[in-house]
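Note sheet for the following structure.
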Amino acid sequence: MLVPKITTLLNHSLTIKQLKQLHGLILIHGLNHFDRSLIHNLITSKSNHSQTINHYLRSILHHSKHPDVDSTTSAMRYLCKHGEFHEAFGLYVRLQRSRLLVSTFAVASALKACGRIGDGNGGIMVHGQVFRYGFCGDVYVETGLVGFYVKVGDMESARKVFDEMSERNVVSWNTMIDGYLRSGDLSMAEGLFFGMGNKDVVSWNSMVSGYLRRGDMEKALRLFEEMPERKQSSWNAMISGYVECEKVDLARKFYDSMPQRNSISCITMIGGYSKCGDVVSARELFSEMGMKDHLLYNAMIACYTKNGRPKEALQLFDEMLKLNVHVDKMTLAAVISACSQLGDLSFGSWIHEIYMKQIRISMDDHLLTALIDLYAKCGSIDKAFDLFHNLHKKDVVAYTAMILGCGINGKEHVAIKLFDEMMESKIRPNLVTFSGLLTALSHVGMVEESYHCFNSMKRYGLVPTPDHYSLMVEILGRAGRLEEAHNLIKSMPMLPHSGVWGALLLACSTHNNVELGEIAAKHCFELEADSSGYGSLLANIYASVGRWEDAKRLRKSIHEKGLVKVPGSSWMDHVHDMT
DNA sequence: AAAAATGGTT
């Protein structure tokens, strides 16, 4: 009597609450065979509380004793669609372990998940199973394999699978073209693009943005005009291509002239303005949009945090909460970053400990990295380390956050150890990594180590920025090696900013070096008004070597002229005369 | 059924 009732009910579209009640009944009566339709109903549910669904889905699958291939597969597809790639791959592994014969669908989803989380070994394992199960002839599976190898950057294997495919479709071709474009191999991409038969909008779009990424405006424009049909996504591809090669104004031209904008067009533009630091224009576009979805909010909040405006980011987050706008992982990643910029541990850990559980957002590596940075900056280095060990995959950004965190928490040797560990894992450091490492080294005064570190940047194809020089000057200066510091500045291929000379000046003041101090102060004033008290530093040097008259004159001059840079002012002349 | 746009480090 109960069974037909449940069957009828499950054929209807139900709310989460109703489904939970029904699930209770199913569990009590041990009617496990209903799990399938329960899951199906859940996945096709119109409800937009995707986080709640994710959570519930996992708990049903976890509790059912005999996982069923079809429902697990649809759950995997659902999880992939909602960005829960670890969960999706986890289900695949579970399926494997239960020795059930997986389907081609499950394999395709598993490959997608592995590609997205960068799980190279996982994907290669699935590739092996593809042979074992004889799925080699399946277009979806093989396209999935091509996609996986493209994502992990292994174009050779991608090509090998592609070449051996018995049957190819548009998606297989497009995936290969996209892969070549991303790996910078334009001619291979062109070869495929012009050689393929049935191009669709995606093929045209990726080729157009591929040209733009390389800065080839003419070819991109020509292709754009040749396109048989221009969809919104094609215009958006132009915008994002211009944004990627830092041509925001041209991107804006296309934005203004496209027949119909959607929220992605606006998000892309906001990203472009964010990149070049034009927060005002970004906000203008944001405000102009009538209907604002959560993605638009995410883009604007990220723009604020990336440009060092955490307060505004949190204000906007507040607005989201008030207007009941959907909050997702991307929102929280940016908000947590805003918290660490402000040093606001209480709000940040509220998000971590309470809010995330409340709205059922599961942890991922990006969120963990943001939290690692938060706890480290707020002095909870042990907590940061705990989270660091929870990462699925430790990448450059995670290592960098942790190295810097150790550096500012008096664990310089751990920072160095982490860097070595990173090298062993063959993870390529970037400019920020070296900033963090040099910051750590500057605290322990290991000059030779610092030189080694600084010089090794070139080996990774990295050009030190003025900030890196600044750190080196600080390290050399602290060790009293002022001449060396000065020579390093003179060797700089770019114009040193005031921070570099400022670091030298500071070192001169602790080591009472008048000669170099004057040179450094002169440069500081040429580059910037005396907002950082450079004049007083120099005056202190004079005083410390007993040149009371010079010190007095300088102090008087600062006092009279204020802290503003005045070209040709008396004390500037004085400094010029002396050097 | 398939691919792709936003998030984390100075």
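Reminder, nothing fancy here: chain letters follow the sequence lines and each chain counts from 1.
- Between A:M165 atom CE and B:dA2 atom P there is a gap of 16 Å when expressed in whole angstrom units.
- Within the 4.0 Å cut-off from OP1 or OP2 of B:dA3, at least one side-chain nitrogen or oxygen of A:K112 is found.
- What separates CD of A:E142 from C1' of B:dA3 is a distance of 17 Å, to the nearest Å.
- With sequence neighbours excluded, no residue forms a side chain to side chain donor-acceptor pair (under 3.5 Å) with A:S240.
- As rounded to whole Å, 14 Å separates atom C1' of B:dA3 from atom CZ of A:F162.
- Not a single side chain to side chain donor-acceptor pair (under 3.5 Å) links A:S209 to another residue, sequence neighbours left out.
- In this view, A:Y273 satisfies the ring-ring contact (aromatic ring centres under 6.0 Å, His included) rule with no residue, not counting sequence neighbours.
- Within the 6.0 Å centre-distance limit, the rings of A:F454 and A:Y469 are counted as a close aromatic pair.
- Rounded to whole Å, atom P of B:dA3 lies 11 Å from atom CZ of A:R77.
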For nucleotides 5-10 of chain B, 5' to 3', base contacts (B), sugar-phosphate-only contacts (S) and non-contacts (-) with protein non-hydrogen atoms under 4.0 Å give BBBBBB

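- Contacts of A:N205 with the nucleic acid, taken as non-hydrogen atoms under 4.0 Å apart, are absent.
- Legend: residues meeting side chain to side chain donor-acceptor pair (under 3.5 Å) with A:E421, ordered by chain and number and at least two apart, are A:Y399.
- A:K377 meets the side chain to side chain donor-acceptor pair (under 3.5 Å) test with A:D373; sequence neighbours excluded.
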